[in-house]
Amino acid sequence: MKKRFLSVLTVAVMAAATILTGCSGTQTAATTAAPAATESKSDAATTEAAKAESKTEAKAGDKKEIVVGFSQVGAESDWRTANTESMKSTFTEKNGYKLIFDDAQQKQENQLKAVRNFIQQDVDYIVIAPVTETGWDTVLQEAKDAGIPVIIVDRMINVSDDSLYTAWVGSNFLQEGYDAVGWLDEYLKKTDRADKDINIVTIQGTIGSSAQIGRTNGVEEKMKDHAKWKMLERQTGEFTQAKGQEVMESFLKTYNNIDVVIAENDNMAFGAIDAIKAAGKTCGPKGDITVISFDAVAAAFDSMIAGDMNVSVECNPLHGPRVSEIIGKLEKGETVEKIAYVKEGVYPADTAAAEKPKRQY
Ligand code: GZL
């Protein structure tokens, strides 16, 4: 934003317009960038100012599209696929954008490379879905120095100075953990097990991600109100189905008294259900093991309708329109909310068939 309205101290003639990579699902812009040339501080400032001027002129004249660099976590789950689809279907040329998309394959180093590439390509906005909360201060300072606003989506970042990002939109993961415990409490009352010993295992998401931290802490905090509930063990399944199955297999080998499995996303729950069935046990509303999950993607509704999953706590991935609204306001020089939580619900098996047709992802 600042960059786009900078007055030019000296006008340097820009050699060529920035050549932007197109948006393709698999193209990782971060791996195509040439290493940044080194410039003296004052040259860099002049170049930046001249870039800003040329962009502003271009924008004023031929309504140049808004260039958005988006660093996505990866493609680890149905939720992530829906989130990517929401972003790609929003940031289209028809809507006045050019999207540079990078899939980090769940590695923060790839996200850092992508963000530096976006800075070098002089994009108008950087959007990041951060794989984990820490490790962002340095690269976000580089974006700030380049005058490029940063919008964080989905998971949160933990930085020393929150002026390093302009806005965050995502879920309240702690509340999602609370909601999971609230549902289990009601369910056990309805099934006459309110005063029974309950043994629980948890398949966690990527350790250090806000979704894992919030869900784990939310469950742990509210479990303190239930003296007869015991958390046998927690292990990460990295939000993937394969790893979720592996972890549940190991839990089933270790414990023969599991009453509840909490999977911190639907894909790990699908893996856990496969492991439960392979071990000759049953799950779901009529089964031995209660399955509590998060995300509420379409396949979770299918699983609940099939009688395998008991409940999924919604985590809404449709952030494209929300981010576009933030950029629209910034383009008009309007202020935006620093933190914006999306509304989410809890979807139990007994309403899954009626709810599924209404779902958007
Ligand atoms: C939650 C998101 C998580 C989902 C998983 O907002 O970060 O990452 O719960 C996804 O499915 O992998």
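Counting starts at 1 for both ligands and their atoms, in listed order.
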Salt bridge (Lys or Arg N to Asp or Glu O under 4.0 Å) against Arg359, all qualifying residues, sequence neighbours excluded: Glu314
Main-chain N/O of Arg155 paired with Ser210 side-chain donor or acceptor, under 3.5 Å: no
Under 3.5 Å donor-acceptor, Asp288 side chain and Thr282 backbone: yes
Could you go through ligand 1 and list every pair where one of its N or O atoms sits under 3.5 Å from a protein N or O, giving the atom names and the distance to one decimal?
unit_1	atom_1	unit_2	atom_2	d
ligand 1	6 (O)	Asp154	OD1	2.2
ligand 1	7 (O)	Arg80	NH2	3.1
ligand 1	7 (O)	Asp154	OD1	3.0
ligand 1	7 (O)	Asp154	OD2	2.7
ligand 1	7 (O)	Arg155	NE	2.7
ligand 1	8 (O)	Arg80	NH2	3.0
ligand 1	8 (O)	Arg155	NH2	2.8
ligand 1	9 (O)	Arg215	NH1	2.8
ligand 1	9 (O)	Arg215	NH2	3.3
ligand 1	9 (O)	Asp295	OD1	2.6
ligand 1	9 (O)	Asp295	OD2	3.4
ligand 1	11 (O)	Ser77	OG	3.0
ligand 1	11 (O)	Asn265	ND2	2.9
ligand 1	11 (O)	Asp295	OD2	2.6
ligand 1	12 (O)	Glu76	OE2	2.5
ligand 1	12 (O)	Ser77	OG	3.1

Result of checking Asp102, Asp103, Leu99, Val323 against Phe70 for side-chain contact (heavy atoms from CB on, under 4.5 Å): Leu99
Lys222 with Asp185: basic N within carboxylate O range, under 4.0 Å: no
Salt bridge Lys358-Glu355, side-chain N to carboxylate O under 4.0 Å: yes
